[in-house]
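What follows is a set of notes on a single structure, which appears directly below.
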Amino acid sequence: MKLFVLGSGTGVPSLRRGSSAYAVQAAGRLILLDLGGGTCRALLRHNLNFSQIDIIALSHLHPDHIGDLVPFLFASHYALGYTRREPFWLLAARSFQDFHHRLKGAFGEWVEAPPGLLQLQELNPDGPDQAAWEGLTIKSAPVNHIPGSLAYRVEAAGRSLVYSGDTDVSDSLVELARGADLLILECANPFKVPGHLTPEEAGRMAAQAGVPRLMLTHFYPPCDEVDVIAMVAQEFAGEILRAEDGLVVTVG
Ligand SMILES: [Zn+2]
Ligand SMILES: [Zn+2]
């Protein structure tokens with residue numbers, strides 16, 4: 001299992017950190033965890049392409065996590081002779097269909113996938129849920145951010161990684177992450193902002209989940225002015241990675 005950090009930032013425009021997006025290669029499939037602005041372009045840096053995406057899992061509908069949904073759908077519909085022919089799956093909390101319907105009200109057919117190709121699986125926003133393919137399972141759990149915010153656990157070939165999306169302290173996320181090989185956890189600011197984690201809270205949650213490896217991400221600019229790894233290390237004894245756009249990590 002391989003993880004590509006496409007966007008380790010937020011909604012703050014930054015040359016260093018794009019909006020939230022992560023690509024995972026697992027069980028022969030390309031999975032996107034969130035689709036912040038610039039994702040389709042960031043894939044190219046790793047010789048990946050929007051046309052290869054098999055599964056998109058959306059953590060929540062804040063603009064910094066779905067900003068490239070419209071460009072992705074537009075490119076899939078029609079990009080100078082390219083029309084997507086392979087189906088793709090989209091995982092999102094229940095009510096996504098209503099959101100997509102409203103997008104279509106604004107953009108019309110340009111944000112419709114070619115007929116029959118978009119396989120939507122709406123997930124339970126209030127409890128655990130999952131989607132499965134041959135050799136691959138993606139589990140979800142609600143997290144404490146805005147209604148309908150989900151964290152995801154990708155499992156394949158005995159390996160697993162968990163992505164928090166945006167979250168405040170969440171027992172459901174600790175449960176989902178228990179024993180995972182890698183936990184990708186938001187660490188938005190070095191001070192408390194409700195709905196997000198401080199470095200100390202992120203470290204405590206990783207310790208509770210018992211993971212060996214933690215990747216901190218979703219950094220607002222103040223996080224780049226402090227030593228977040230040292231702050232997290234006060235609470236968590238495992239390996240700590242600081243996400244950067246372009247980073248590639250092998251899981252397991
Ligand atoms: Zn965010
Ligand atoms: Zn958010």
Side-chain angles (χ1 to χ4, degrees), residues 3-24 31-42 56-72 90-96 98-100 102-103 122-126 140-153 161-174 176-177 183-199 201-202 205-206 214-226 228 232 241-245 247:
L3 168 74
F4 305 82
V5 179
L6 305 176
S8 59
T10 61
V12 178
S14 161
L15 286 174
R16 179 173 173 182
R17 302 189 184 281
S19 294
S20 299
Y22 308 83
V24 180
I31 303 152
L32 273 194
L33 303 171
D34 280 343
L35 195 61
T39 302
C40 293
R41 195 158 176 262
I56 299 171
L58 300 178
S59 68
H60 64 300
L61 301 182
H62 272 159
D64 59 322
H65 295 255
I66 57 156
D68 245 19
L69 182 61
V70 165
F72 168 78
L90 202 151
L91 310 183
R94 202 172 295 138
S95 84
F96 177 83
D98 175 55
F99 175 78
H100 190 209
R102 283 182 282 134
L103 274 185
E122 291 188 311
L123 299 167
N124 183 0
D126 303 312
S140 66
V143 292
N144 184 12
H145 182 58
I146 57 169
S149 294
L150 299 177
Y152 290 101
R153 178 177 178 126
L161 69 79
V162 171
Y163 168 57
S164 68
D166 287 0
T167 188
D168 207 321
V169 175
S170 298
D171 292 341
S172 53
L173 175 55
V174 170
L176 185 73
L183 172 58
I184 306 161
L185 198 49
E186 78 122 277
C187 181
N189 283 293
F191 40 79
K192 185 62 189 173
V193 175
H196 294 284
L197 295 174
T198 63
E201 288 170 338
M205 285 183 61
L214 169 65
M215 177 183 283
L216 305 168
T217 193
H218 198 267
F219 297 122
Y220 278 90
C223 271
D224 284 323
E225 286 157 28
V226 297
V228 282
V232 171
L241 305 170
R242 188 187 176 106
E244 296 290 345
D245 292 17
L247 184 65

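Residues take their numbers from the sequence shown, with the count starting at 1. When a ligand or atom number is given, it counts from 1 through the structure's own listing order.
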If only side-chain N and O atoms count, and only distance matters, is there a donor-acceptor pair under 3.5 Å linking Thr167 with Ser164? no
Distance below 2.8 Å from the Zn ion (ligand 1): how many protein N/O/S atoms qualify? 4
Heavy-atom check, side chain of Leu3 versus side chain of Met215, under 4.5 Å: yes
Return yes if a side-chain donor-acceptor contact under 3.5 Å exists between Ser8 and Asp245, otherwise no. yes
The criterion is ring-ring contact (aromatic ring centres under 6.0 Å, His included); which residues satisfy it with Tyr152, sequence neighbours excluded? none
For the pair Glu244 and Arg17, evaluate side-chain contact (heavy atoms from CB on, under 4.5 Å) and give the outcome as yes or no after the intermediate values. CA-CA 7 Å; Glu244 296 290 345; Arg17 302 189 184 281; 3.1 Å; yes
No-hydrogen, no-angle side-chain donor-acceptor test under 3.5 Å, Asp166 and His218: yes
